[in-house]
K.L.:
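Once you've had a glance at the structure underneath, I'll fire off some questions.
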Amino acid sequence: MSGPFLPPQSTSPRLLNVQNLSELHKCSDPRCLLQIHSQIIRHCLHRNPVIASKLVAAYSLCLRPYSAASVFSLVPEPTSHLFNTLIRAFAHNSLPSLSFFTFSRMQRSSVKPDSFTYPFLLKSSSAPLRTVELIHAHILKLGFLGDIFVPNSLIDSYSKSGEVGSAKMVFEEMLVKDVVSWNSMVAALVRAGELRDARRLFDEMPERDIISWNSMLDGYAKAGELDAAFDLFHRMPARNVVSWSTVLAGYCNTGDMETARMLFDKMPAKNVVAWTIMISGYASKGLAHDASILMDQMEEAGLEPDVGAAVGILSACAESGFLVLGKRIHAAFKRRKLRFFIQISNALIDMYSKCGDLDEAWAIFEEMEEKDLVSWNSMVHGLAVNGHGRRALELFSEMEDNRIVPDGFTFVGLLCACTHIGLIKEARRFFTSMEKEYGIVPTIEHYGCLIDLLGRGGLLMEAYSIAKTMPFEANAVIWGSILNACRVHNNVSLAEKVVDELMSLEPSHEGNFAIILNIFAAAGKWDAMGGDRLKMKDSARRNRAGSSCVDGMHSQEDRILKMLDRLGKHLKKVIC
DNA sequence: CGTGATGACG
């Protein structure tokens with residue numbers, strides 16, 4: 001890697017020319033870039049398409065896509081290279097709509113797209129399948145498949161939009177393949193979960209580079225086959241920071257934080273990604289202390305979180321309710337005055353609403369200059385589960401006014417909203433209309449919402465029969481919600497059926513156990529709990545008597561318990 | 001082309 005690009009200060013400004021700016025596109029320091037940009041303008045070189053391309057690329061690298069666009073706009077006759085660079089700048093800064101807009105401008109201009117245009121365009125988003133197919137058709141028409149990086153990027157895009165079959169077709173039809181083609185195909189199979197096929201291809205490869213090994217390694221790590229991953233890791237001819245991080249992430253995902261930490265400490269070099277994996281690992285498991293310390297150490301090492309780090313750590317914070325660290329990430333991005341990437345704002349909305357700070361979530365949502373479907377969905381769901389069901393439904397109307405097309409996530413939020421305000425009829429309407437009007441096939445999450453809602457509304461038998469007849473095997477979440485409904489509505493006989501289902505899925509879950517005891521106690525049916533079931537419950541109790549999921553994890557247990565006690569007393573005063 | 005990565009059922 002070459003060093004940071006520096007403005008040619010030693011040279012007299014008069015000598016600024018295309019030659020001594022040849023490395024400009026690698027400049028990743030915004031301050032340096034601004035300085036050189038003003039020099040370029042002073043010398044009237046900014047209309048030169050070659051220099052403008054370098055400026056566009058550099059602004060993209062500095063995460064300033066709008067500055068890149070303004071450089072572009074001053075060039076009287078943009079070349080295809082300049083168009084391509086701007087398309088790539090927008091793609092790289094997750095502004096897909098602007099990538100496509102630039103592409104359509106290019107088509108209307110006298111400059112024609114070339115074989116670089118389409119790969120950049122394909123990268124511009126996790127492009128929806130239709131878009132990939134459309135671009136594929138363009139490529140076929142123009143005969144660009146001969147440039148090997150074009151089919152290579154098609155394989156990648158098909159894979160990322162979930163069409164591994166089309167990726168296979170492109171791969172098989174290629175007359176000449178390079179190591180990138182093979183790697184892309186292995187990665188595609190790994191992504192699709194077709195681990196055995198990936199391995200077969202990996203074994204067939206005419207040559208392997210470190211990326212091939214890392215892709216295969218990732219396949220085993222993602223599948224939780226850590227022994228196989230570790231074996232491969234040792235057999236690799238060489239390992240880099242990605243290889244280490246891949247295995248590290250594998251251990252973090254299975255919750256083996258000790259092994260993960262051991263690997264992390266042993267890594268010969270760590271980058272932001274490695275730190276992110278370890279910090280998010282701790283944060284998502286509620287190990288707030290470890291996560292904070294590591295965050296300090298990362299900063300001491302001179303590394304600042306990038307977009308991926310922010311999104312990853314924020315989502316880990318959302319999972320465990322770790323508001324303090326989430327706020328810290330938020331503040332760091334504000335301080336650095338970086339454009340808030342849409343994914344970061346989205347992650348913040350989710351984090352704040354999961355931590356109960358709905359005002360902050362709403363403030364971020366409102367201030368976003370561009371919202372995507374995830375933003376709307378997160379906000380709808382956030383409102384719904386924080387007791388603002390009506391507002392959530394209103395926001396859905398606003399979505400429709402803004403012509404945002406809802407997806408499956410949207411309907412989960414809407415069904416949650418119905419649950420919180422008890423709108424059974426409305427929920428049934430949403431449930432049927434999502435498939436009929438929007439073509440969204442309900443998933444187990446939708447059934448879960450509906451079943452929960454019906455159960456809370458006292459329609460226990462209907463909830464139970466849906467759980468039995470829906471196209472998915474009911475899981476512990478669903479049985480748990482029915483069981484809870486049985487408790488609320490004192491239905492002991494159904495509870496007994498549900499207990500059997502639940503016990504086979506989550507035999508030692510303390511929360512279920514407490515509900516079961518409550519139901520039988522309330523009904524005075526202690527006798528009914530004879531035999532095997534009682535024994536099972538007893539052994540579960542002895543193993544972890546009186547423990548809940550948060551016990552032992554918190555350094556502030558005493559304060560929390562006192563607060564709970566005070567809350568309880570306060571509630572009694574208010575109610576009585 | 002490979003590591004982290006925003007939204008879902010109690």
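Chain letters run A, B, ... following the sequence lines, proteins first, then strands; residues in each count from 1. Small disclaimer: the values here were computed from a predicted structure and weren't measured.
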K.L.:
Would you tell me if any nitrogen or oxygen in the side chain of Lys177(A) comes within less than 4.0 Å of OP1 or OP2 on dC1(B)?
P.N.:
no

K.L.:
State whether Lys222(A) places a side-chain N or O below 4.0 Å from either non-bridging phosphate oxygen (OP1 or OP2) of dG2(B).
P.N.:
no

K.L.:
Between the side chains of Glu163(A) and Ser161(A), does any donor sit under 3.5 Å from an acceptor?
P.N.:
no

K.L.:
Would you tell me whether Ser378(A) and His381(A) have side-chain atoms, one donor and one acceptor, within less than 3.5 Å of each other?
P.N.:
no

K.L.:
Kindly point out which of dT3(B), dG7(B), dC1(B) is positioned nearest to the side chain of Asp218(A)?
P.N.:
dT3(B)

K.L.:
Check every atom of dG7(B), dC1(B), dT3(B) against the side chain of Val374(A) and return the nucleotide holding the closest atom.
P.N.:
dG7(B)

K.L.:
Does any part of the side chain of Val374(A), heavy atoms only, come nearer than 4.5 Å to the side chain of Ile342(A), both counted from C-beta?
P.N.:
no

K.L.:
When you compare the side chains of Ser215(A) and Asp218(A), does any donor N or O come within less than 3.5 Å of an acceptor on the partner?
P.N.:
no

K.L.:
Pairing of DNA chain B as dot-bracket, 5' to 3': ( ) intra-strand, [ ] crossing, | other strand, . unpaired, with Watson-Crick or G-U pairs under 3.5 Å?
P.N.:
..........

K.L.:
Have Ser212(A) and Asp209(A) got a donor and an acceptor in their side chains that come within less than 3.5 Å?
P.N.:
yes

K.L.:
Less than 4.0 angstrom between a side-chain N/O of Lys270(A) and OP1 or OP2 of dG4(B), yes or no?
P.N.:
no

K.L.:
Taking only N and O in the side chain of Arg191(A), is any of them less than 4.0 Å away from OP1 or OP2 of dG2(B)?
P.N.:
yes

K.L.:
Between His136(A) and Tyr158(A), does any side-chain donor sit less than 3.5 Å from a side-chain acceptor?
P.N.:
yes

K.L.:
Record whether the side chain of Asp209(A) comes under 3.5 Å of the base of dG2(B) through a donor-acceptor pair of N or O atoms.
P.N.:
no

K.L.:
Classify Val311(A) by what it touches in the nucleic acid, base, sugar-phosphate, or nothing, heavy-atom distance under 4.0 Å.
P.N.:
sugar-phosphate

K.L.:
Using the side-chain heavy atoms of Ile211(A), tell me which of these nucleotides is nearest: dG4(B), dC9(B), dG2(B).
P.N.:
dG2(B)

K.L.:
Counting heavy atoms from C-beta on, name the nucleotide in dC9(B), dC1(B), dA8(B) closest to the side chain of Asp350(A).
P.N.:
dA8(B)

K.L.:
May I have all residue pairs that pass salt bridge (charged side-chain N to carboxylate O under 4.0 Å, His left out) and include part of residues 448-474 of chain A, sequence neighbours excluded?
P.N.:
Arg428(A)-Glu462(A), Asp452(A)-Arg456(A), Lys468(A)-Glu501(A)

K.L.:
Between dT3(B), dA5(B), dG10(B), which nucleotide has the shortest distance from any of its atoms to the side chain of Gln343(A)?
P.N.:
dA5(B)

